[in-house]
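First the structure, in the form of structure tokens, and then the observations on it.
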Amino acid sequence: MTSPNPLRDPEDRRLPRIAGPSGLVLFGVTGDLARKKVMPAIYDLANRGLLPPGFSLVGFARRDWADQDFAQIVHDAVKEHARTEFREEVWKQLAEGFRFVPGDFSDDAAFDQLRRTIEELDQARGTAGNHAFYLSIPPKFFGDVVQQLEEHGLSEGRDGSWRRVVVEKPFGHDLESARELNDALNKVFPSGSVFRIDHYLGKETVQNILALRFANAMFEPIWNANYVDHVQITMAEDIGIGGRAGYYDGIGAARDVIQNHLLQLMALVAMEEPPDFEATALRIEKQKLLGAVSLPPRLDLTTARGQYVEGWSGGVKVAGFHDEEGIPKSSTTETYAAITLHVDNRRWAGVPFYLRHGKRLGRRVTEVAVVFKRAPHLPFHASATEELTQNALVIRIQPDEGLTVRFGSKVPGTSMEIRDVTMDFAYGGSFTESSPEAYERLILDVLLGDPPLFPRHEEVELSWQILDPILDHWARQDARGKARPDDYEAGTWGPASADAMLARDGRTWRRP
């Protein structure tokens, strides 16, 4: 084992955290996620000096490739998608640790070769037996792969070394399947060695929710039902399903995004202050919040779903969902979902949380809008406040990361007229260093064994407990033929039923 650096003070924030000797085994190297996110993030980490010199990347796939073929695949992905500039000396050192193992998930010989490859890297590259297994594959194969890792002696570290497994969403398609998935993983890897990636939690602006709330004295006193009218959490995409019909049909907007990304955002926005930023403390507060979430009694009035039909998006005529290749005309899979949730605790009693996600909407944006109650008394003439709405604090997650505060101000002139104005903070304008990609932070955290940003299986199961009754309600409607997802034109902001859902409460959706 390497001895600690006597010149490095763990409290010194000027020095970045650098991963120790380690390697990553990537299953599913031919997929979009590996090519567009994981491989570029590994290069960007190396380029920033955050990976050890001997870091190694092993690809595993059903391809007849040699090591240099795999290196070329990584090279092309990095050139196209990396955030940082391409430097030949960084690439050369990184590429020396590339290995490829051909085979499928039932191939014992392939996993034997994987074990030998890892042992060779420990000797040749000094990875010290520390390896993470990244499962960038469909969840139905998770159990097969971890079982093979166990059978071939790959799941347990020896002599103080570690082994970890990384899994991508979706974590099941309902509560029962999520529990089966968790059982399969926990039989092989202890819970502290299982990292469930929700890439939204790696975004700087998501982590800034915690900084905003708990590092400032001005927000927390009004962060409750006495002052907050409602909260809107939006993730809008301007793209359609692309070539993902095989994955998306039967999954839909609620399972794909609301169950994980949006409920995690809600937990961070609404949870109580943890005693510290350690993983256990954060997890306990998030679990308490998710455990307090309740559904309204009338799901027919407090949820909405839709499917996009042909329309104009980005100045281009685009096809509707049922015209996408691989989607049957009878599909009732929603491409838009909006739900109403409540939190049964003292802080949030009576405050609705509106969560929505859709494809082919007006623009790509993710934001959290905390909308405050109106002032209890306005000593102005009614005509003076005609253009004054409610104060709002909007946390922009993407694409223009930052914060907007909306408040009323007098219009210059001789008469008293009050109108909404905004005050903006933009990450790009306030900090010289650009925000790292979420996958950079998350992969580095896996190698460091630092789990604050990774949801544990308890959070996953609580999220499904919230969403399952809504999915069951929609399934019953489909079975009876009583209702189908409503149509909405591509390039608009969703179906009319979603607007009606808020209108029943006397509210409207914020236009991002």
Side-chain angles (χ1 to χ4, degrees), residues 31-33 36-37 138 168-170 173 198-200 203 232-266 303-340 354-369 396-400 438 463 467 470-471 474-475 478 483-502 509-512:
D32 269 6
L33 178 72
K36 293 180 179 178
K37 296 292 184 183
E168 282 276 352
K169 75 171 186 74
H173 56 85
D198 184 335
H199 69 269
Y200 261 59
K203 291 182 179 291
Q232 297 183 21
I233 302 177
T234 298
M235 178 184 166
E237 294 182 282
D238 54 5
I239 58 171
I241 62 164
R244 300 170 71 220
Y247 161 76
Y248 199 85
D249 190 35
I251 297 292
R255 285 186 174 96
D256 191 36
V257 169
I258 291 180
Q259 182 272 334
N260 38 74
H261 300 332
L262 298 196
L263 282 174
Q264 282 288 324
L265 283 177
M266 178 179 171
T303 67
R305 56 182 178 146
Q307 292 175 331
Y308 63 84
V309 297
E310 70 172 3
W312 292 87
S313 178
V316 178
K317 190 72 176 284
V318 295
F321 177 65
H322 283 131
D323 299 319
E324 300 275 14
E325 187 177 347
I327 298 295
K329 299 293 183 187
S330 59
S331 174
T332 58
T333 300
E334 79 282 356
T335 62
Y336 177 101
I339 65 174
T340 308
Y354 301 113
L355 281 58
R356 62 173 168 167
H357 164 63
K359 292 189 174 293
R360 286 283 185 227
L361 298 182
R363 61 185 285 248
R364 171 178 170 263
V365 62
T366 301
E367 67 173 34
V368 176
R396 296 190 307 277
I397 313 286
Q398 66 177 17
D400 305 313
S463 297
L467 194 61
I470 295 172
L471 298 173
W474 289 345
D478 293 339
R484 289 176 52 86
D486 299 309
D487 292 343
Y488 64 96
E489 196 174 313
T492 63
W493 283 97
S497 56
D499 295 327
M501 183 182 101
L502 261 69
W509 287 109
R510 169 184 149 79
R511 180 62 58 91

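Only this structure's heavy atoms are used, side chains among them; waters, hydrogens and symmetry mates stay out.
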- Message: Restricting to non-hydrogen atoms, name the atom on Lys359 and the atom on Ile241 that form the minimum distance, rounded to 0.1 Å.
- Response: CD-CG2, 3.9 Å
- Task: Show your working on side-chain contact (heavy atoms from CB on, under 4.5 Å) between Leu262 and Val257 and close with a plain yes or no.
- Result: CA-CA 6 Å; Leu262 298 196; Val257 169; 3.9 Å; yes
- Item | NZ/NE/NH1/NH2 to OD/OE distance under 4.0 Å, Arg363 and Glu237 | no
- Between Gly240 and Arg360, which heavy-atom pair has the shortest distance, and what is it? N-CZ, 3.4 Å
- Rounded distance (nearest 0.5 Å) linking atom CH2 of Trp474 with atom CZ of Arg484: 14.0 Å
- Given side chains that start at C-beta, do those of Arg356 and Gln232 come closer than 4.5 Å, heavy atoms only? yes
- In Å and rounded to the nearest 0.5 Å, what is the CZ to CG distance from Arg305 to Asp486? 8.0 Å
- Note on the structure: Closest non-hydrogen contact found for Leu361 with Ala236 is CD1-CB, 3.6 Å
- Message: Within the 4.5 Å heavy-atom criterion, are Asn260 and Ser463 side-chain neighbours or not?
- Response: no
Which atom pairs, donor and acceptor, lie under 3.5 Å between side-chain atoms of residues 311-322 and protein residues at least two apart or in another chain?
{"unit_1": "Ser313", "atom_1": "OG", "unit_2": "Asp238", "atom_2": "O", "d": "3.3"}
{"unit_1": "His322", "atom_1": "NE2", "unit_2": "Lys329", "atom_2": "O", "d": "3.4"}
{"unit_1": "His322", "atom_1": "NE2", "unit_2": "Ser331", "atom_2": "O", "d": "3.0"}

- Considering all heavy atoms of both residues, which atom of Ser497 and which atom of Ala304 are nearest to each other, and what is their separation? OG-CB, 3.7 Å
- Query: Does the side chain of Val365 reach to within under 4.5 Å of the side chain of Gln398, using non-hydrogen atoms?
  - Reply: no
- Message: Which residue in the set Leu263, Val368, Thr366 passes side-chain contact (heavy atoms from CB on, under 4.5 Å) when paired with Ile233?
- Response: Val368
- Query: Atom CD1 of Ile258 and atom CE of Met235: how far apart are they, to the nearest 0.5 Å?
  - Reply: 10.5 Å
- Please name all residues satisfying ring-ring contact (aromatic ring centres under 6.0 Å, His included) with Tyr488, sequence neighbours left out, ordered by chain then number. Tyr336
- Query: Taking C-beta and beyond as the side chain, do His261 and His357 meet within less than 4.5 Å on heavy atoms?
  - Reply: no
- So, do Leu265 and Ile397 sit near enough that their side-chain heavy atoms are less than 4.5 Å apart? yes
- Residues Ala338 and Trp509: closest non-hydrogen pair is CB-CZ2, 3.9 Å
- Message: Between Glu489 and Glu310, does the side-chain contact (heavy atoms from CB on, under 4.5 Å) criterion hold? Intermediate values first, please.
- Response: CA-CA 6 Å; Glu489 196 174 313; Glu310 70 172 3; over 6 Å; no
- Query: Measuring from Arg255:CZ to Ile470:CD1, what's the distance to the nearest 0.5 Å?
  - Reply: 11.5 Å
- Could you pull out the closest heavy-atom pair between Leu467 and Gln259, with the gap in Å? CD2-CB, 3.6 Å
- From Tyr308 atom OH to Asp487 atom CG, the distance as rounded to the nearest 0.5 Å: 12.5 Å
- Are any of the side-chain heavy atoms of Tyr248 and Thr335 separated by less than 4.5 Å? yes
- Supply the atom-to-atom distance Asp249 CG to Thr333 OG1, rounded to the nearest 0.5 angstrom. 4.0 Å
- Item | Ion pair Arg396/Asp400, N-O distance below 4.0 Å | no
- Query: How about Thr340 and Thr303: do any of their side-chain heavy atoms sit closer than 4.5 Å?
  - Reply: no
